Colleague: 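Below are the structure tokens for one structure; questions will follow.
Read the numbers this way: they start at 1 and go in the same order the structure lists the ligands and their atoms. A quick note: this is a predicted structure, and the numbers were derived from the prediction, not measured. Atoms considered below: every heavy atom in the structure, side chains included; atoms not considered: hydrogens, waters and symmetry mates.
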Amino acid sequence: MSDCAAEDCPLGHLTALETADGSLSLHSDHFQEAFHSSVGALEEARAKFAQPAELQRFLAGSTLRVLDVCVGLGYNSAALMSELEERQGPMAPEEAPRLDWWGLELDRRPLAMALAHAPFLKLWPEPVRHRLEALQRNGGWQDRTSAGTILWGDARQTLKQLPSGSGFDLILHDAFSPSRCPELWSEEFLRGLAERLAPGGRLLTYSRAAAVRGSLCRAGLELRSLLPAPGQRKEWSSGTLASRPNPRDPLPDYGPGWQPLTTMEQEHLQTRAAIPYRDPGGTDRAASIQQRRQDEQGRCTLESTSRWQRRWIHRVASMG
Ligand SMILES: C[S@@+](CC[C@H](N)C(=O)[O-])C[C@H]1O[C@@H](n2cnc3c(N)ncnc32)[C@H](O)[C@@H]1O
């Protein structure tokens with residue numbers, strides 16, 4: 001896409017990529033990172049977000065509240081909404097929960113680029129395509145079974161504009177990696193997300209970083225480790241499910257695509273890698289947040305992460 005002013009193009013130059021499952025992804029030259037793993041944007045959305053959401057838990061007559069943090073091209077929400085469509089069937093909308101959707105995103109171009117790409121549009125049923133188009137055109141939609149609103153801007157600020165009151169059942173957190181975008185993985189931002197979860201609500205993310213898991217734990221959430229999908233490279237974890245405890249409906253230890261944290265993963269949370277990203281005012285730049293963390297790591301007495309790695313060498317060999 002052509003160059004534009006920095007305020008309109010916070011991601012810098014965007015390059016289209018094709019991932020292994022044939023789906024479109026992008027690379028941002030500002031963040032120096034691709035939007036999805038090379039395995040596949042669609043595959044990732046299904047395995048890490050739609051599957052552990054367990055949408056069958058939400059029954060007709062209820063409202064499913066979803067927050068998509070870093071909407072990007074819209075894969076995660078589109079995968080979720082497509083599954084809801086399949087479940088209800090076009091003739092019986094009353095069979096499904098009502099969807100109340102919110103999205104946070106900094107840059108308008110990824111969604112626009114996705115919607116200009118015919119193979120991307122073909123992935124989704126018509127009602128889902130219409131919703132994505134309405135987001136781009138009008139910043140939201142309202143139809144018989146759902147309503148959605150996207151808040152454009154820095155998620156650290158737009159998070160505060162979300163309506164207060166009942167919490168989210170699902171938060172899909174898909175920012176660039178903590179090393180590239182620490183501002184969306186800080187102790188403060190993650191606590192802000194955790195506070196917006198309903199009891200039993202789930203935050204899903206591809207991140208397995210100790211700093212992220214530590215912050216989610218301190219925000220009062222229970223953690224599970226997401227497992228690599230069948231056929232994917234064997235790794236020790238492919239992300240995190242974090243849930244606000246609900247004594248009336250406890251989260252099972254095992255579920256579709258998740259398990260409890262192993263001893264190795266629990267010990268990871270006791271190493272220097274678990275020092276959180278801190279952004280007290282919610283306005284710091286990435287470099288300051290990184291520097292603050294490095295200083296804190298230098299002062300702390302926690303075990304070094306390389307020592308932990310050596311202890312678990314066979315299990316973490318695939319860590320990359
Ligand atoms: C890894 S991509 C998200 C991929 C997306 N979920 C999808 O399915 O295509 C990260 C996204 O975070 C957005 N982003 C980066 N910094 C942000 C910020 N401070 N606030 C809101 N969004 C941000 C980027 O514009 C980009 O679209």
Colleague: Quick one: pull up CH2 in W185 and OH in Y277 and give me the separation to the nearest 0.5 Å.
Modeller: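 Nearest 0.5 Å value for the CH2-OH distance: 10.0 Å.
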Colleague: Below 4.5 Å, heavy atoms only, C-beta onward: do L67 and L159 meet side chain to side chain?
Modeller: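 Yes, close enough: below the 4.5 Å cut-off.
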Colleague: I'd like to know whether ligand 1 has G74 as a neighbour, heavy-atom separation below 4.0 Å.
Modeller: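 In this structure, G74 qualifies as a contact of ligand 1 - some heavy atom is under 4.0 Å.
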Colleague: side-chain hydrogen bond (donor to acceptor under 3.5 Å, both in side chains) between D100 and T63: does it pass, once the steps are laid out?
Modeller: CA-CA 7 Å; D100 179 15; T63 298; over 6 Å; no
Colleague: Do any nitrogen or oxygen atoms of D68 lie less than 3.5 angstrom from nitrogen or oxygen atoms of ligand 1?
Modeller: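 No, D68 has no N/O under 3.5 Å of an N/O on ligand 1.
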Colleague: Starting from atom 18 (C) of ligand 1, locate the nearest protein heavy atom and write down its residue, its atom name and how far away it is, to 0.1 Å.
Modeller: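 Ranked first by proximity to atom 18 (C) of ligand 1 is L184 CD1, 3.7 Å.
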Colleague: Starting from atom 11 (C) of ligand 1, which protein heavy atom do you reach first, and at what distance in Å?
Modeller: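 Checking every protein heavy atom, the shortest distance to atom 11 (C) of ligand 1 gives C70 CB, 3.6 Å.
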Colleague: Can you see which heavy atom on L80 is nearest to which on L55, and at what distance?
Modeller: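 In this case the closest contact between L80 and L55 is O-CD1, 3.5 Å.
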Colleague: Could you give me the CA-CA distance, side-chain angles and deciding distance for E265 and R208, then say whether salt bridge (charged side-chain N to carboxylate O under 4.0 Å, His left out) is met?
Modeller: CA-CA 9 Å; E265 289 174 281; R208 61 189 181 183; over 6 Å; no
Colleague: With respect to atom 21 (C) of ligand 1, which of D107, L106, T158 exhibits the smallest heavy-atom separation?
Modeller: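 The residue whose heavy atom sits nearest atom 21 (C) of ligand 1 is L106.
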Colleague: Using heavy atoms and a 4.0 Å limit, tell me yes or no: is L104 in contact with ligand 1?
Modeller: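 No heavy atom of L104 comes that close to ligand 1.
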Colleague: Is the closest N or O pair between F176 and ligand 1 shorter than 3.5 Å?
Modeller: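 No; every N/O pair is 3.5 Å or more apart.
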Colleague: Below 3.5 Å, N or O to N or O, backbone or side chain included: is there any such pair between D174 and ligand 1?
Modeller: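 For ligand 1, there is an N or O atom that lies under 3.5 Å from one belonging to D174.
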Colleague: Mark the output for R156 as yes if a heavy-atom distance to ligand 1 is under 4.0 Å, and as no if none is.
Modeller: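 No, that is not the case, since the closest heavy atom of the residue is not under 4.0 Å from the ligand.
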Colleague: Is the shortest N/O to N/O distance between C181 and ligand 1 below 3.5 Å?
Modeller: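 Looking only at distances, the answer is no, because the N/O contact criterion of under 3.5 Å is not met.
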Colleague: Please assess R131 against E133 for the test salt bridge (charged side-chain N to carboxylate O under 4.0 Å, His left out), listing each intermediate value before the final yes or no.
Modeller: CA-CA 5 Å; R131 290 172 194 168; E133 283 160 355; over 6 Å; no
Colleague: Ring-plane angle category for H268 and W308, please: parallel below 30°, perpendicular beyond 60°, tilted otherwise.
Modeller: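 Rings of H268 and W308: parallel, as their planes differ by under 30°.
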Colleague: I'd like the name of whichever of L73, L42, L111 reaches closest to atom 9 (O) of ligand 1 through any heavy atom.
Modeller: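 Result: the heavy atom closest to atom 9 (O) of ligand 1 is in L73.
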Colleague: Do R87 and Q56 touch side chain to side chain, with heavy atoms closer than 4.5 Å?
Modeller: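 Yes. Closest side-chain heavy atoms under 4.5 Å.
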Colleague: Nearest protein heavy-atom contact for atom 2 (S) of ligand 1: which residue, which atom, what distance?
Modeller: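 Protein heavy atom with the smallest distance to atom 2 (S) of ligand 1: F35 CD2, 3.6 Å.
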Colleague: What residue and atom, counting heavy atoms only, is the protein's closest point to atom 20 (N) of ligand 1, and at what distance?
Modeller: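 Sorting protein heavy atoms by distance from atom 20 (N) of ligand 1 puts A155 N, 2.8 Å first.
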Colleague: How long is the straight-line distance from CG of N76 back to CG of L170, given to the nearest 0.5 Å?
Modeller: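 One gets 11.5 Å once the value is rounded to the nearest 0.5 Å.
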Colleague: Less than 4.0 Å is my threshold; does some heavy atom of E105 fall inside it relative to ligand 1?
Modeller: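 The answer is yes, since E105 has a heavy atom less than 4.0 Å from ligand 1.
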Colleague: Going by distance alone, is a donor N or O of one side chain under 3.5 Å from an acceptor N or O of the other, for H36 and S25?
Modeller: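 There is such a pair (donor and acceptor under 3.5 Å, judged by atom type) between the side chains of H36 and S25.
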Colleague: G153 near ligand 1, heavy-atom distance under 4.0 Å?
Modeller: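 It does, in that a heavy atom of G153 comes within the 4.0 Å cut-off of ligand 1.
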Colleague: Distance from Q290 atom CD to R180 atom CZ, nearest 0.5 Å?
Modeller: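 Taking CD in Q290 and CZ in R180, the distance rounds to 9.5 Å.
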Colleague: Quick one: nearest non-hydrogen protein atom to atom 19 (N) of ligand 1, plus distance?
Modeller: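 Its nearest protein heavy-atom neighbour is D154 OD1, 3.1 Å.
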Colleague: Do NZ/NE/NH1/NH2 and the carboxylate oxygens of R57 and D169 come within less than 4.0 Å?
Modeller: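 D169 and R57: not salt-bridged.
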Colleague: Is the contact between L11 and ligand 1 made by the side chain, the backbone, both, or neither, using heavy atoms and a 4.0 Å cut-off?
Modeller: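 Side chain only.
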Colleague: Check each atom of ligand 1 against the heavy atoms of H36 and keep those under 4.0 Å away; list them by number with element.
Modeller: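 It comes down to these atoms of ligand 1: 4 (C), 7 (C), 8 (O), 9 (O).
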Colleague: Return the residue, atom name and 0.1 Å-rounded distance of the protein heavy atom closest to atom 5 (C) of ligand 1.
Modeller: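 Minimum-distance protein heavy atom for atom 5 (C) of ligand 1 reads V71 O, 3.3 Å.
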